[in-house]
Asker: 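Here it is: the structure, laid out below.
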Protein chains: 2
Amino acid sequence: MDYHNQVTALSRILEPHSVAIIGASANPDKRGYQIVKALKKAGYAHPILPVNPRGGTILDLPVVSDIDALPDGVDIAVIVRPAEEVPDILIQCGKKGIAGAVVLAHGFRERGDGGSAAEQRLRDALVTSGVRIIGPNTSGMLNCSVQADLIGLPELPPSGPVSVLTQSGNMILSIVEDSRWINGPGFDIIAGLGNQTDLGYGELIEELSHRKSTRSIAIYSECLSDGRGFLDAATRVGQNCPIVMLRGGRSIEGRRAALSHTGSIAGADDIALKVLAQMGVTLVDRSDELLPVAALLATSPLPRPETGIAVLTDGGGHATLAVDALSRAGVPLATLSEDTKAKLRKVLGDEASVENPIDAASAADAYPDVFPECIEILASDPQVGLVLTNGLFGAYHIRFDTSLLKAENLAAERIVALRNATGLPLVFHSCYANRKPENHDTLRNGGVQILPSIDWAVAGCKALFERANWLSRRGKSDHKPPMQAPPVVLPSGLSAETTARGILQKLGVETGEWSAAGDADSVESAISNFAKPCAVKLDSAVVVHKSDVGGVRLGVTQTASRSAVDSIATAMASHAPPVTTFGFIVTPMVNSGVELFVGATKDPVFGPVVLFGSGGVMVEAMKDVTFRAAPFSPVEALDMINETRVATILDGFRNYPTIDKQSLADFISSVSVAILSMKNLSELDFNPIIANESGIHPVDVRLVGK
Amino acid sequence: MDYHNQVTALSRILEPHSVAIIGASANPDKRGYQIVKALKKAGYAHPILPVNPRGGTILDLPVVSDIDALPDGVDIAVIVRPAEEVPDILIQCGKKGIAGAVVLAHGFRERGDGGSAAEQRLRDALVTSGVRIIGPNTSGMLNCSVQADLIGLPELPPSGPVSVLTQSGNMILSIVEDSRWINGPGFDIIAGLGNQTDLGYGELIEELSHRKSTRSIAIYSECLSDGRGFLDAATRVGQNCPIVMLRGGRSIEGRRAALSHTGSIAGADDIALKVLAQMGVTLVDRSDELLPVAALLATSPLPRPETGIAVLTDGGGHATLAVDALSRAGVPLATLSEDTKAKLRKVLGDEASVENPIDAASAADAYPDVFPECIEILASDPQVGLVLTNGLFGAYHIRFDTSLLKAENLAAERIVALRNATGLPLVFHSCYANRKPENHDTLRNGGVQILPSIDWAVAGCKALFERANWLSRRGKSDHKPPMQAPPVVLPSGLSAETTARGILQKLGVETGEWSAAGDADSVESAISNFAKPCAVKLDSAVVVHKSDVGGVRLGVTQTASRSAVDSIATAMASHAPPVTTFGFIVTPMVNSGVELFVGATKDPVFGPVVLFGSGGVMVEAMKDVTFRAAPFSPVEALDMINETRVATILDGFRNYPTIDKQSLADFISSVSVAILSMKNLSELDFNPIIANESGIHPVDVRLVGK
């Protein structure tokens, strides 16, 4: 199956122009009846082909007796039969040229041991048949534009720009209800992925992003079967189509293979959060924000990068809460120009606050047009990237006087026209949004979302700014494929430190000044060459904690070199078991500075990952660490540095030296490129790295191969 | 005005049996007309007395020509006249025995300089008249049980157990709409506090807590005019009536006077969060959670302390999200007994998961009674303190088959009966809650809340558990008034360290071994007495950073004592300006350990506050600090310790010694008691305190008086 065929099969599955129901039933209690009924009820205009050996009719549709009797080239089959029959059915489907199937049955992998044989038979059938499947153990799929309801919802939701992928059938119901609740912009595709035995998130987001009708993808995921593949897909898809993700199962311990050292610093959830955000995925923590944020991303233009938000309000409390929430979300307020403020004052009167947030309170009560008037003024201020209007918008006729209704409707129309003319992103909150006044629908039909919760509106604003900044930052990053060295197979287990540094340097990581020494003479000559006191350390692939067993001597001068070597040798002789073969590594002492940590590992889900954070024991307890999927540019590494708490100290806190963050970022980025060449990386730790006025000094290097 | 009269005045204000409208108008555009109309529309059954010199009638009510002509003892006046007239009106009201007034006018303090004279005249009139006021600059007050709408809402919200205090008129509208949205349990009193020139949060929560009809108080506050008074009131009120608070203006910098050293560690918002929680106030961060949480606290019994939550669900996705959110909120899952699980299995079948979360999915689709059956089983498990049911509850007739409607309604009735019989707290989420099916109202009418957002439901569960734990912890704390020493006036400015330690010891704070020494002989004899190397430090009220100016010598032995004294004396002579009068403080050296910080200050809003956190420069950048209002017990101090990140290290992290947290808690608590006796405390810092296997050693003590 080449790429082109895959795309075709997938597009046929997602937008089927014929549906066969394998296991259709005339019994209204059976799923095989309900699917047929749901398709008819939804108004599906293409062939519905019930299949059942009994024949007859179901809901006036003639029943095909078996798959062989189906017309050739049906787009999708919904398989309602139990697990044990599915493999054979798939093979029959393949023979008839059916592109794909929705497999509802459970009893596969998710059953544990009992289901793994069934899962293997299913996988074999997938290979044999060439049929692509959604599921098994799924509640189905929905295409709102062709009105193909293969789930059987109470009502087909309105067609619109949001597509949904989820691993939970009930989350489909939730998202559809959430959309009803906020009069959301409607759906394109909704699919329950089930076990992801075949089609997974990565492949489906790519296919969805090719659909003009999908403008954002909302995901509920409990497990990314191929995390690395998803990251790769997400970063491609993200260029054109925003992805919003709610992750489930974040708190369940032991869900992921422990990452020896990494695992002790931060749970794997932290890795997922960072690498997904790195690839431009918008993450939401709350189930009630998934749909509102997806709706905003699907319908709103993006703010220009490096701009801020203007909050236009009709009440101090709402404005204060919006500003607080924006501050927590890290969305900056725009600094309005004097010109803008002068113009606003003309509209709002001398007493109104025209600082941001802009308080239209007294002017707005009887004259709803102040909102479009203010928005028009704000649209021409280059610092304003987005206007968040909050308060009572559109409900003065409810709150004060029904006579305001007409003026409010006109104001909404003017706002939509303004948004179309200027391209300025607009987000609205109204505490009356649940009353669903007509003018709110005017906004929504014009692509402007109006939400009943300030917090949802702010979550949406945050997502729009973050996406704008992500796209802009990607534009700035160097996108040439990083110069990658030929693959290296690491020694299995711990490498001697000189071996580790040698490998890293070949892969372009600057590990500083060091010298390997086999005996006391070479140690002395190394110290003499460095012309300053040095650390003399055991160089061995056997001893893990050298300093705990007398394998480290610090501040060794040329004259003291022999006694240092002797004491290490003595310690090794008394080691249990004695260490007989070893050398030394000599490194010049560095001045004190800030202790940092850079590490790398192969995450079981997301592949090669780099860690950065504070070094040292005390600060390790502070869990000050962040993550990125490798490789990445120094621009990304700088972001990484700046999101740790130790970043404060790097800028010259109290008596600490100021650190060259750019060098540090270059170093971290070089590590992220180097590890891609390591075929069997288990762990790489630079701990600590001493950063001071003279540079970035990796004091200890630990490399472990699988 | 004695306490008894205050209570009477307040209760008359909050539940008025007659209302005068000063400045009533026949013009429908005027506020003075709208108030009269709103009262009539709300169905207010007591005298409505419009006052206007023009006389006549308004909405068929006879207009009283002036305040003098009112009957004696009207409960409340709504003053619609402008700011400048208000003081005289209040004096007239006082003469007629009117208990209180709602003052709508703005143009007082909030106008800045222009309004401060008006504010002073208002304050004078308050004293002269004895009338208590709500406002000025308020949108009014509402009593739903007597249907007194002094705000003028579109419709009077239903009467119920939630009372609301807010500083924003629009937040009143929001809260009322939020309640409509979730079919909330209704309101008792709603009041906009405005400038709080007279009545503030503290006094009003006390009065509300005396009302049987108020079962929870929801507060939106931007500023507590008397933070300490509020804390005192909150902790009394909290015994009987839960308080939920949403705070506004948290992000505005410079809002509060900077707390010299404290301010650099953490923003004042952090102090507010901690001291309010300490006093049992439930804090919400999101405006959309204020009403749902208040509704739950008003209607649900509390879980037994030391129990956990059982999650009963009909779908894996919803359950996973609920468990994740509970984990983030710190609410423990209950460990179900084997007996419970066996019983659940009988109801749910062998394949269902009867671990917590309990998945009723397959059983529930066609048989809604599994929910009450499972809840009944869970109610008899002593580990289960609360059951959170989540998923599709009550909407199987929408999702699957209308024939389930009746069974679902019966299930809801059974659940209410169970809740009444067992007293078990029940919280529901249903993604169909916005459809408002009849059985959801059955639950609500039975005092069981059902919410459309998992996150809101979890926020409510968190609030219930936190409140239960707060009440239980208070029960355990020692509530005897702490033994408080007589007041001490601190030296103004910095105290010499021996002075500081002396004062602290008199006030019951154990500052460890130290000795004051005036000259080299006494230093030597002090070291000799301690019989180990000591720190010899300058003792002076002049030098702030002793170690920076050569005022500290560490590890001084008896033989080295003279040279240590000499070197400090030399340093003082070369100090600019030279320090001529000084002594020495001698303290035995302590082994290394964990560096901690204990501090105290007088917060401008909340009064005496104690800080605890990590010590040392590096960790200061990590902002690992927490706060409590003084005084507090060692039980509270232990909580304080355990919420810092450094607590991990105190339990014996890596090579660190295990610290006796109880001693540390005793120390912190003793500081919290001592500072109450300090009449003019500005700052007190113990930084660092070295905690190690031998105890808690305050190494440096810094005390500053105002």
Side-chain angles (χ1 to χ4, degrees), chain A residues 154 166-171 173-174 177-178 180-181 220 222 246 248-252 285-288 314-318 320-321 323-328 391-392 398-399 431-432 434-435 452-456 594 614 616-624 645-646 648-649 653-656, chain B residues 154 166-171 173-174 177-178 180-181 220 222 246 248-252 285-288 314-318 320-321 323-328 391-392 398-399 431-432 434-435 452-456 594 614 616-624 645-646 648-649 653-656:
Chain A
T166 145
Q167 254 169 301
S168 152
N170 283 2
M171 276 305 289
L173 306 177
S174 268
E177 286 303 302
D178 287 353
R180 226 181 113 96
W181 182 2
Y220 170 68
E222 291 179 2
L246 171 69
R250 297 171 58 185
S251 62
I252 295 171
D285 287 332
R286 298 169 60 94
S287 58
D288 61 7
D314 50 19
H318 286 143
T320 303
L321 288 164
V323 170
D324 280 352
L326 287 166
S327 162
R328 272 199 299 278
L392 316 184
I398 299 174
R399 171 69 186 93
C431 67
Y432 286 95
N434 283 302
R435 302 257 190 153
S453 154
I454 294 174
D455 309 279
W456 294 350
V594 186
S614 304
V617 173
M618 182 82 172
V619 183
E620 191 180 331
M622 300 280 152
K623 296 199 164 70
D624 182 30
R645 290 192 294 269
V646 77
T648 321
I649 292 175
F653 186 80
R654 298 282 166 102
N655 303 322
Y656 280 88
Chain B
T166 145
Q167 255 169 299
S168 151
N170 282 3
M171 276 305 289
L173 306 176
S174 268
E177 287 303 303
D178 287 354
R180 224 180 114 97
W181 182 3
Y220 170 69
E222 291 179 3
L246 171 69
R250 298 170 58 184
S251 62
I252 295 172
D285 287 333
R286 298 169 60 95
S287 58
D288 61 6
D314 50 19
H318 287 144
T320 303
L321 287 164
V323 170
D324 280 352
L326 287 166
S327 162
R328 272 198 300 276
L392 317 184
I398 299 173
R399 170 70 185 94
C431 67
Y432 287 95
N434 283 302
R435 302 258 190 152
S453 154
I454 294 173
D455 309 279
W456 293 350
V594 186
S614 305
V617 173
M618 182 82 171
V619 183
E620 190 181 331
M622 300 281 153
K623 296 195 164 71
D624 182 29
R645 290 191 295 269
V646 77
T648 321
I649 293 174
F653 186 79
R654 298 283 166 102
N655 303 321
Y656 281 88

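In what follows, every heavy atom counts, from backbone to side chain, and hydrogens, waters and symmetry copies are set aside. In what follows, chains are A, B, ... by sequence order, proteins preceding strands, each numbered from 1.
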Asker: Using only heavy-atom distances, determine whether the side chains of His318(A) and Ser174(B) contain a donor-acceptor pair under 3.5 Å.
Answerer: yes
Asker: Chain A heavy atoms under 4.5 Å from Ser327(B): which part of the residue, side chain, backbone, both or neither?
Answerer: side chain
Asker: Is a donor on one side and an acceptor on the other found under 3.5 Å between the side chain of Asn170(A) and the backbone of Asp314(B)?
Answerer: yes
Asker: Mind checking side-chain contact (heavy atoms from CB on, under 4.5 Å) for Arg435(A) and listing every partner two or more places apart, or none if nothing turns up?
Answerer: Ile398(A), Tyr432(A), Pro437(A), Glu155(B), Glu177(B), Arg180(B)
Asker: Taking all atoms of both residues into account, what is the closest heavy-atom pair of Ser287(A) and Leu321(B), and its distance?
Answerer: CB-CD1, 3.9 Å
Asker: Identify which of Leu392(B), Leu326(B), Thr648(B), Ile454(B) forms the greatest number of heavy-atom pairs closer than 4.5 Å to chain A.
Answerer: Leu392(B)
Asker: Can you name the nearest heavy-atom pair linking Asp324(A) to Gly249(B), along with the distance?
Answerer: OD2-N, 2.8 Å
Asker: Salt bridge (Lys or Arg N to Asp or Glu O under 4.0 Å) with Arg328(B): which residues, sequence neighbours excluded?
Answerer: none
Asker: Can you tell which part of Leu246(B) gets under 4.5 Å to a heavy atom of chain A, answering side chain, backbone, both or neither?
Answerer: side chain
Asker: Locate the shortest heavy-atom distance separating Tyr220(A) from Gly317(B); write the atom from each residue and the value.
Answerer: OH-O, 3.5 Å
Asker: In terms of heavy-atom pairs under 4.5 Å with chain A, which of Arg399(B), Gln167(B), Met171(B) leads?
Answerer: Arg399(B)
Asker: Under 4.5 Å, counting heavy-atom pairs only, tell me which of Gly315(A), Pro154(A), Gly316(A) racks up the most with chain B.
Answerer: Pro154(A)
Asker: Would you find a donor on one side and an acceptor on the other, under 3.5 Å apart, between the side chain of Asp288(B) and the backbone of Asp455(A)?
Answerer: no
Asker: Would you call the rings of Trp181(B) and Trp181(A) parallel, tilted or perpendicular if under 30° counts as parallel and over 60° as perpendicular?
Answerer: perpendicular
